[in-house]
Structure formats: C-alpha cells, structure tokens
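Step one of this worksheet: look at the structure below.
A, B, ... follow the sequence lines: proteins, then strands. Residue 1 opens every chain.
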2 protein chains.
Amino acid sequence: MRVDNAIVEKRVNDFIKRSKELGIKITPQRVAIYRELANTDEHPSAEAIYKKIKNYYPNISLTTIYRTLETFEKLGLVSVVNILYNAARYDANLEPHHHMVCVECKKVEDFYDESLSKLDFSQKTLSRYKVLGYTVQLNGICKDCQSKS
Amino acid sequence: MRVDNAIVEKRVNDFIKRSKELGIKITPQRVAIYRELANTDEHPSAEAIYKKIKNYYPNISLTTIYRTLETFEKLGLVSVVNILYNAARYDANLEPHHHMVCVECKKVEDFYDESLSKLDFSQKTLSRYKVLGYTVQLNGICKDCQSKS
DNA sequence: CCTATAGATGGTAATTATTACCATATAATA
DNA sequence: TATTATATGGTAATAATTACCATCTATAGG
C-alpha cells in the first residue's frame, strides 16, 4: 500500500460517485477491486488482484475480477497499461523507432521522429533503472478502424 | 511483403552471418522464421508467423516457432515489441504518466517527467492516426534485479 | 565425402491467461 | 419490502505459451 491513504479514499469516493453517474451497481466486489487498484502503483494483473482480495474476501471469483476490470476499462474508470497483452509481437527491425498502436485492431505501425530520438530523462529517473532503451507508444485509432465505425 | 526485397535479403544474410558467429545452427526453419519477420513491418505474433510459413512449409511445428523466436530474442536477433505480453496490467491512475518496465521481473513503475508531457509529433505521424494519447516506455533493469544478477 | 553428436525439430500433453455460460444472488428503485 | 435488471460464482471452454521426449539433422572432424 504505497499510495497515501487520503488519496486512496478520495479515489474510491470519486469512483463511487462516478459509478452512480454511469448507472452501474456498486457492489462490495467492485469496490474491493477498485480500492486494490487505487492503493497501489504496481499495475497488478487480474490474478494479482485476485490473490490480494482473496485474503479478506475468500469466496470472490476470479471471473468477477476479469469481468469487473473489463467493465471498468470500458467505462474509463481504469486503464490497461499494456494494450498489446494478447500475444507476444516480434520485430526484426532493431533500429530505434517508435510505435503507433491501434486500440481497436491492435495493429502496430512504426514511426520515426527525429525529435524523439534523444529524449532527456531526469537524473532521478535514470538513477532508478539501468536503462536499456525506450520507445514512445502512441495509442490511437488507425485509418481502417476509423472508417469502419 | 512491404519491406523492400534488397533490404530483406541483406537482413537475412546478416542474420546468417550473425548466427554463425553466435554458434547456433542455421536450419531452414530458422531462416524461414527470420525471413518472415524481416520482410514485414507488421510485428506479427508467433501464430501469425506460423500461418504464413505453413503455406510453403506445411509440416513446420508451432512449437518450433515459439522456441525459435525465444532463441532469437535472447540472442538479440529480434526484439519483442510488447515486453508486457504475459498478462493484462491495470492502473487506476488516469493522469498522464510514463512507465519504466523491468525486462527481468516485468515490474512497472511510474515516472513523471515534465519534458515528456507535450511531445511534438510530426504532422505526417498525426495524419495517420486519430491519436488518443501516448506513453513513453523506458525499458531497463530495476534495482532489485540488478543486485540479484 | 562420411560419421558422430550436440543441438534442433515435431508432436503431443500440460500450464496459464482469458472468456463463455448459466443458475443463483443482490443492489437499487419504487 | 418486493421487484427486477444486473452482477456474481462456479465450472467449462478457448487461446497462448511452455514442457517433454523421441527423432532428426547441421556441422565439425576425419
């Protein structure tokens, strides 16, 4: 529980208010799942959330976790850090370049942008990791998917 | 086959030379897999590569595709676009922020960097996608994993 | 060019992450 | 408090990935 308690409570209250506005039911499971996400900055998986909640809510179902996270995501209450989690995607192009990901069809297109080739990270950032590289991931909707909808 | 043929052939030749240097065997399967990756910029999954190769190499095994891609990746011959493909990872923090990913333990830590908050993308880039947002993903090795190895 | 063998492949089974289904339970509304 | 649309739990199905093992082959050495 790294996130400050006051912040967590604020987030949970906002979540409840927002849920009412959106017209979805506020169940103990949903609050538990949201709270678990709000009080960490570790970007947990469904499984990780499940394990934590199981400690104090032993008969919660893993299916509920998955379904709830999907619901939250669709409503914009939480976000998926890794859109491309479905399957590993490979690239033979080892030159530094960046990616545009279509959030609909999961297509990945390369883009090159001089101004992104040497971003400055703060010393504080650099001190925390042995940096191997970085990419800018641009999320959006591709031409094809734009014309479909 | 969007990538220019001459470039593909150069990549394949480099791949063969590099494989010899690395002391791994050059099998028709490996060449096929590498070539399939070298001649596209679509960042295919193992399954997608399998389907393509199956057309002209009908008894290749899906296991071989997975194993080979893993081998290539470990040797630095190809790269995985999406390190975090293992499982969906969620975040309740909807403020724009960036991620440091540990390539060893798959931990994701947030970082904030003023200079990254308003990157300029070229008009060419912006014309291709309806941009929803972007994140900078910094790949590296976290403190914990550094001390382990 | 042949041979031996370490390393690679193919096929199948096991594991892990996710989704589908359906009977039951419950939050929210009147 | 009763009604009902929605949510949950449990189990089964699917998809992606990995493990295992018997067989095959690229390659180094004669």
Side-chain angles (χ1 to χ4, degrees), chain A residues 12 15-36 43-54 56-75 77-78 80-90 105-106, chain B residues 12 15-34 36 43-54 56-75 77-78 80-90 105-106 108:
Chain A
V12 172
F15 159 74
I16 289 173
K17 200 170 77 182
R18 193 85 190 86
S19 295
K20 281 181 186 159
E21 288 167 9
L22 291 164
I24 65 166
K25 288 180 181 171
I26 297 159
T27 67
Q29 292 94 333
R30 284 180 172 171
V31 175
I33 292 165
Y34 186 86
R35 185 186 300 277
E36 218 47 74
H43 315 80
S45 65
E47 187 73 30
I49 294 169
Y50 176 64
K51 280 181 185 157
K52 278 208 168 180
I53 296 181
K54 208 134 187 16
Y56 54 86
Y57 197 145
N59 80 325
I60 196 165
S61 167
L62 182 54
T63 298
T64 297
I65 311 282
Y66 275 103
R67 231 178 349 210
T68 301
L69 289 170
E70 190 192 358
T71 303
F72 288 177
E73 207 264 324
K74 282 189 179 156
L75 295 173
L77 296 165
V78 306
V80 178
V81 170
N82 51 340
I83 300 174
L84 297 174
Y85 66 88
N86 288 310
R89 304 283 289 269
Y90 294 88
C105 68
K106 308 296 158 64
Chain B
V12 172
F15 160 75
I16 289 173
K17 201 171 77 182
R18 192 86 191 85
S19 295
K20 282 181 185 158
E21 288 168 8
L22 291 164
I24 65 166
K25 288 181 180 168
I26 298 159
T27 67
Q29 292 92 333
R30 284 180 173 170
V31 175
I33 293 166
Y34 186 84
E36 219 45 76
H43 314 82
S45 65
E47 187 73 29
I49 294 169
Y50 176 65
K51 280 181 184 156
K52 278 208 167 181
I53 296 182
K54 207 135 188 8
Y56 54 87
Y57 198 144
N59 80 323
I60 196 164
S61 167
L62 182 55
T63 300
T64 297
I65 311 283
Y66 275 103
R67 231 177 351 210
T68 301
L69 289 170
E70 190 192 359
T71 304
F72 288 177
E73 207 264 323
K74 282 189 179 155
L75 295 174
L77 296 166
V78 305
V80 179
V81 170
N82 51 341
I83 300 175
L84 297 175
Y85 67 88
N86 289 310
R89 304 283 289 270
Y90 294 88
C105 68
K106 310 294 159 66
V108 182

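Atom pair B:Glu70:CD and D:dC20:P shows a separation of 13 Å (rounding to whole Å applied). Distance, B:Tyr57 OH to C:dT9 P: 8 Å, rounded to whole Å. Here C:dT9 presents its P atom at 9 Å from CD1 of B:Ile65, a figure rounded to the nearest Å.
At a threshold of 4.0 angstrom between heavy atoms, the contacts of B:Thr63 include nucleobase atoms, whether or not backbone atoms are also involved.
For the pair A:Arg18 and A:Glu21, the salt-bridge criterion is met [side-chain N within less than 4.0 Å of a carboxylate O].
Where B:Asn86 and B:Ile24 each meet DNA chain C at their nearest nucleotide, the meeting point lying more 5' is that of B:Ile24. Two residues, B:Ala46 and A:Thr27, neighbour DNA chain D, and the one matched to the more 5' nucleotide by heavy-atom proximity is A:Thr27.
Expressed to the nearest 0.5 Å, how far CG of A:Leu77 lies from OH of B:Tyr90 amounts to 13.0 Å. Atom NZ of residue B:Lys54 and atom CD of residue B:Glu47 lie 10.5 Å apart, to the nearest 0.5 angstrom.
Applying the 4.0 Å criterion to OP1 and OP2 of D:dG9, one finds that A:Thr64 has a side-chain N or O inside that range. For A:Tyr66, a side-chain nitrogen or oxygen approaches OP1 or OP2 of C:dT18 to under 4.0 Å. Remark: B:Gln29 is not in phosphate contact with D:dT25, judged by side-chain N or O atoms under 4.0 Å from OP1 or OP2. Dashed line: the shortest gap from a side-chain N or O of A:Thr68 to OP1 or OP2 of D:dT8 is under 4.0 Å.
Contact detail for B:Lys106 and B:Arg89: the closest heavy-atom pair is O-NH1, 3.1 Å.
Set against D:dT8, C:dA28, C:dA8, the side chain of B:Arg30 has C:dA8 as its closest nucleotide. Of the listed nucleotides (D:dT6, C:dA6, D:dG10), D:dG10 has the atom at the smallest distance from the side chain of A:Ser61. Among C:dA17, D:dT8, D:dT17, the nucleotide with an atom closest to any side-chain atom of A:Glu47 is C:dA17. The nucleotide whose nearest atom lies closest to any side-chain atom of A:Ile60 is, among C:dA17, D:dG9, C:dG10, D:dG9. Side-chain proximity of A:Asn59 to the nucleotides D:dG9, D:dT27, D:dA5 is greatest for D:dG9. Nearest nucleotide to the side chain of B:Tyr85, out of D:dA7, D:dT18, D:dG9: D:dT18.
Taking 3.5 Å as the limit, the base of C:dG7 and the side chain of B:Arg67 contain no donor-acceptor pair of atoms between them.
Two rings, from B:Phe15 and B:Phe72, have their centers less than 6.0 Å apart.
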